[in-house]
Novice: 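Please find one structure pasted underneath; my questions will follow.
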Amino acid sequence: MSALLRHRRTALRTLAACAAVTATVLGPAAAAFADSPARAAEPTPADIARCTVTEKVDSILPIEGAYVEIVNRPIPKYGPEGPQAVLKDKNGNVLGGVTYNHPVNEEAGLKLTELDSGRAQLWQRRPAGGVAFLHTHDFPALPKGCPVRWETEGGGTYVRTVKLADGGSIAKIYRMGPDHYRAEGFFQGESFGSIEATPATPYVAGNLNGMITALSSKGEVASWIAKARPTGPHNETLADGKTVVRVIELGDQRYRAVLADKGGRTLGTMEVDGDARFRAAIKVGSLWAVLETDGSVTSYVAR
């Protein structure tokens, strides 16, 4: 697997596969990274509501019943939304506030820091001059799956970064829309391609010199180093020790892989075609499996 270390600028382009299974091709170095440019996905009202969390904390000002309402939410590209803190009196009247774009309000005695971390810090001070701000609260954490920022330059909303199996590469995960995710791979800061999973193509995988990266339309990611496997028509037990795959040859570089449990019940099917579908992926429970055009199947159990 020493070839894995010889990273090259390689493209991953997503192709459709049969039976709602997707295939992804590792193209030549000169190929484009994707079949079409990534499209930015604006957050829906439901996205915004789900990714907004609020909390009331005590104000340190000598005002009876005064409190600070802190609001945590992803940072947009435009507009005043994002993390904010609002000082209110006991009746809910606004006395002042701070936002992502205006993080310091001396008169209200409020300041925000760590704004790009996803969990801003609230600092307060009494309005008397010469009194330093005190760190009084951390913002509530964003709900699971919510990005720090809604937008990215390549389109979609950034979700998280994951380390890949070779130990030196990473994949940045973006939500492009409902049940639509993109994973872009990087090595030493340089992109080596991306794969996308959609409702129509719910599983994709790429192979970079033996390193498999798989993605689902739910944003799940798995990465592993492929071991030498049988090729051509054959049967074998997959990585979970209980799923059996039967690989059938349909023609030149055309194979079908049928996954079944020990009792023979079919769990899923993948197909590849050397003329159109170079790689197919599927996920059954925690088991990922990828079929190549030589009839080999590599698999991995997600932890």
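Residue indices begin at 1 and follow the sequence shown. These numbers come from a predicted model, not from an experiment.
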Novice: Between NZ of K111 and OG1 of T136, what distance do you get to the nearest 0.5 Å?
Specialist: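 One gets 11.0 Å once the value is rounded to the nearest 0.5 Å.
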Novice: Quick check: do S169 and M211 have side-chain heavy atoms less than 4.5 Å from each other?
Specialist: yes
Novice: Just so I know, are the side chains of Y181 and V159 near enough to count as touching, which here means a heavy-atom distance under 4.5 Å?
Specialist: yes
Novice: Has the side chain of D294 got a donor or acceptor atom that lies under 3.5 Å from a matching backbone atom of T231?
Specialist: no
Novice: Measure from NZ or CZ of R125 to the centre of the six-membered ring of F133, then state whether that distance is under 6.0 Å and the direction lies within 45° of the axis.
Specialist: yes
Novice: Can you tell me if H102 has over 12 outside heavy atoms packed within less than 6.0 Å of its NE2?
Specialist: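 Count not over threshold, so no.
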Novice: With a 3.5 Å distance limit and no angle check, can you tell me whether D89 reaches the backbone of G65 through a side-chain donor-acceptor pair?
Specialist: no
Novice: Heavy atoms only: give me the nearest R160-G219 pair and the separation to one decimal.
Specialist: NH2-O, 2.7 Å
Novice: In Å and rounded to the nearest 0.5 Å, what is the CG to OG1 distance from D179 to T198?
Specialist: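 Going from CG on D179 over to OG1 on T198, the span is 9.0 Å.
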Novice: Begin from the C-alpha positions of S299 and L287 and carry the test side chain to side chain contact (heavy atoms under 4.5 Å, CB included) through to its verdict.
Specialist: CA-CA 7 Å; S299 59; L287 175 71; 4.0 Å; yes
Novice: Is a donor on one side and an acceptor on the other found under 3.5 Å between the side chain of Q124 and the backbone of D58?
Specialist: yes
Novice: Please give me the minimum heavy-atom distance between M270 and L259, naming the atom from each residue.
Specialist: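 Taking M270 first and L259 second, the nearest heavy atoms are CE-CD1, 3.9 Å.
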Novice: OH/Y300 to NZ/K227 distance, rounded to the nearest 0.5 angstrom?
Specialist: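 So the OH of Y300 and the NZ of K227 are separated by 11.0 Å.
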Novice: Looking only at heavy atoms, what is the nearest atom pair of A85 and I70, with distance?
Specialist: CB-CG2, 3.9 Å
Novice: Flag yes if more than 12 heavy atoms outside K262 fall under 6.0 Å of its NZ atom; otherwise flag no.
Specialist: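 Counting neighbours around NZ of K262, more than 12 heavy atoms of other residues, nucleotides or ligands fall under 6.0 Å, so yes.
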Novice: Hey, are W224 and T298 close enough side-chain-wise for a donor-acceptor pair under 3.5 Å?
Specialist: yes
Novice: Quick one: do V98 and Y67 end up in the same hydrophobic cluster if we chain Ile, Leu, Val, Met, Phe, Trp and Tyr together by side-chain heavy atoms under 4.5 Å apart?
Specialist: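 No, V98 and Y67 fall in different hydrophobic clusters.
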Novice: Report yes if the side chains of S217 and T201 come closer than 4.5 Å at any heavy-atom pair, otherwise no.
Specialist: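 They are not in contact (no side-chain heavy atoms under 4.5 Å apart), so the answer is no.
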Novice: Given side chains that start at C-beta, do those of L122 and L112 come closer than 4.5 Å, heavy atoms only?
Specialist: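 In short, these two side chains touch, coming nearer than 4.5 Å.
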Novice: Grab the two heavy atoms, one from L142 and one from V148, that are nearest each other, plus how far apart they are.
Specialist: CD1-CA, 4.3 Å
Novice: Quick check for you: to the nearest 0.5 Å, what is the distance between R229 atom CZ and E236 atom CD?
Specialist: 4.0 Å
Novice: Identify the heavy atoms of V290 and A205 that sit nearest to each other, and give their distance.
Specialist: CG2-CB, 3.7 Å
Novice: Would you say K88's side chain and K90's backbone share a donor-acceptor pair under 3.5 angstrom?
Specialist: no
Novice: Any pair with a residue in residues 245-259 that passes side-chain hydrogen bond (donor to acceptor under 3.5 Å, both in side chains), sequence neighbours left out, goes on the list, sorted by first then second residue, please.
Specialist: R256-E271
Novice: Can you check whether A165's main-chain N or O pairs, donor with acceptor, with S223's side chain at less than 3.5 Å?
Specialist: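 Pair found, side chain donor or acceptor close to backbone of A165.
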Novice: Rounded to the nearest 0.5 Å, what's the gap from CG on L95 to CG on L61? Could you check?
Specialist: 8.0 Å
Novice: Just so I know, are the side chains of I212 and E292 near enough to count as touching, which here means a heavy-atom distance under 4.5 Å?
Specialist: yes
Novice: Cluster question for you: counting only ILVMFWY and a side-chain heavy-atom cut-off of under 4.5 Å, with indirect links fine, are Y100 and V53 together?
Specialist: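 Shared cluster, no.
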Novice: Mind listing the closest non-hydrogen atom pair of A141 and R119 along with its distance?
Specialist: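 Scanning both residues, the minimum pair turns out to be N-NE, 3.8 Å.
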Novice: With the 4.5 Å side-chain cut-off for hydrophobic clustering, are V258 and V284 part of the same group?
Specialist: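 V258 does not cluster with V284.
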Novice: Using the rule that Ile, Leu, Val, Met, Phe, Trp and Tyr join whenever any side-chain heavy atoms are under 4.5 Å apart, tell me whether V162 and F187 fall into a single cluster.
Specialist: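 Yes, it is one cluster - the side chains of V162 and F187 are joined through contacts under 4.5 Å.
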Novice: Could you give the distance from NZ (K218) to NE2 (H180), rounded to the nearest 0.5 Å?
Specialist: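 It comes to 13.5 Å.
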Novice: When hydrophobic residues are tied together by side-chain contacts of less than 4.5 Å, even through go-betweens, does V68 share a cluster with I63?
Specialist: yes
Novice: Spell out, as yes or no, whether a donor-acceptor pair under 3.5 Å connects the side chain of N105 to the backbone of L110.
Specialist: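 No.
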